[in-house]
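First the structure, in the form of structure tokens, and then the observations on it.
Values in this document were obtained by computation on a predicted structure and should not be read as measured data. For ligands, and for the atoms within them, numbers begin at 1 and follow the listed sequence.
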Amino acid sequence: MTSMRTRERLLDRLRAKGIDDERVLEAMRLVPRHLFVDEALASRSYEDIPLPIGRGQTISQPLIVAMMTQAVLRDTPSRILEIGTGCGYQTAILASLFDRVFSVERIESLLVRAQERLGSLGFSNVYFRHGDGNEGWPELAPFNAILVAAAPEKVPPMLIEQLAPEGRLVIPVGGSKGQKLMRLTRYRTGKGVQEEILDSVTFVPMLAGLR
Ligand code: SAH
């Protein structure tokens with residue numbers, strides 16, 4: 001069991017670490033993170049740490065989920081592409097805040113379980129695809145936002161191409177020598193993007209091919 005108090009403590013920590021968008025904080029308050037991890041780990045699910053979710057992957061640390069969500073969110077209703085569904089926790093946060101979420105995962109067993117969880121939690125605005133996130137989801141592009149939860153060595157060009165005008169791509173970039181969390185914002189006209197470095201981070205690598 002997880003008490004409300006441990007959840008509130010997590011929110012205090014997110015605030016202390018600079019998360020100030022109330023919409024993001026409210027979504028983090030409402031989505032039950034303990035239902036996204038193995039029962040044996042549920043008691044630790046409101047600590048600000050990553051946890052294993054099977055197949056060598058991890059559920060991201062809550063602060064990172066909040067930071068990335070805050071970095072892609074805007075005021076207008078919109079569609080977001082997520083790469084790396086994993087257990088579906090970040091997906092649920094995004095589904096609370098965006099009109100539609102399109103989520104791509106290369107490991108089918110993780111995708112199927114995430115889909116079941118989100119269904120049982122009542123989310124009906126999420127669309128899943130078993131695919132290689134390096135390619136995005138070209139048939140449904142463009143997206144107002146793209147959030148990537150695994151780190152490629154370089155930003156995949158196909159993701160930049162699938163950004164709508166003024167769309168935001170938040171992505172960890174780099175190899176074993178260190179990764180930077182980047183935000184690329186497409187200009188309103190033309191093909192160019194503005195680049196910002198948001199933080200230093202550690203994500204699992206973005207891999208090619210399906211499993
Ligand atoms: N947001 C997820 C993060 C999981 S870890 C969560 O909190 O659970 C990153 C995920 O990205 C893993 O599930 C991994 O399988 C997936 N991934 C790695 N490379 C990928 C690729 N090329 N395409 C799609 N998913 C990928």
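The aromatic rings of Phe102 and Phe143 lie tilted to each other, with the angle between the two planes from 30° to 60°.
The backbone N or O of Glu105 sits nowhere less than 3.5 Å from a side-chain atom of Arg129 that would complete a donor-acceptor pair. With hydrogens and angles disregarded, no donor-acceptor distance shorter than 3.5 Å links the side chain of Asp199 to the backbone of Leu181.
Annotation: ligand 1 has protein neighbours Ile53, Gln57, Thr58, Ile59, Ser60, Ile83, Gly84, Thr85, Gly86, Cys87, Gln90, Val104, Glu105, Arg106, Ile107, Leu110, Gly131, Asp132, Gly133, Asn134, Ala149, Ala150, Val204, Pro205, Met206, Leu207, each with a heavy atom less than 4.0 angstrom from the ligand.
A salt bridge is absent between Glu8 and Arg5: the closest approach of a Lys/Arg side-chain nitrogen to an acidic carboxylate oxygen does not fall below 4.0 angstrom.
For the pair Leu25 and Leu14, the tightest heavy-atom approach, listed with the atom from each and the gap, is CD2-CB, 4.0 Å.
Taking 4.5 Å as the limit, every side-chain heavy atom of Val112 sits out of range of all side-chain heavy atoms of Phe128.
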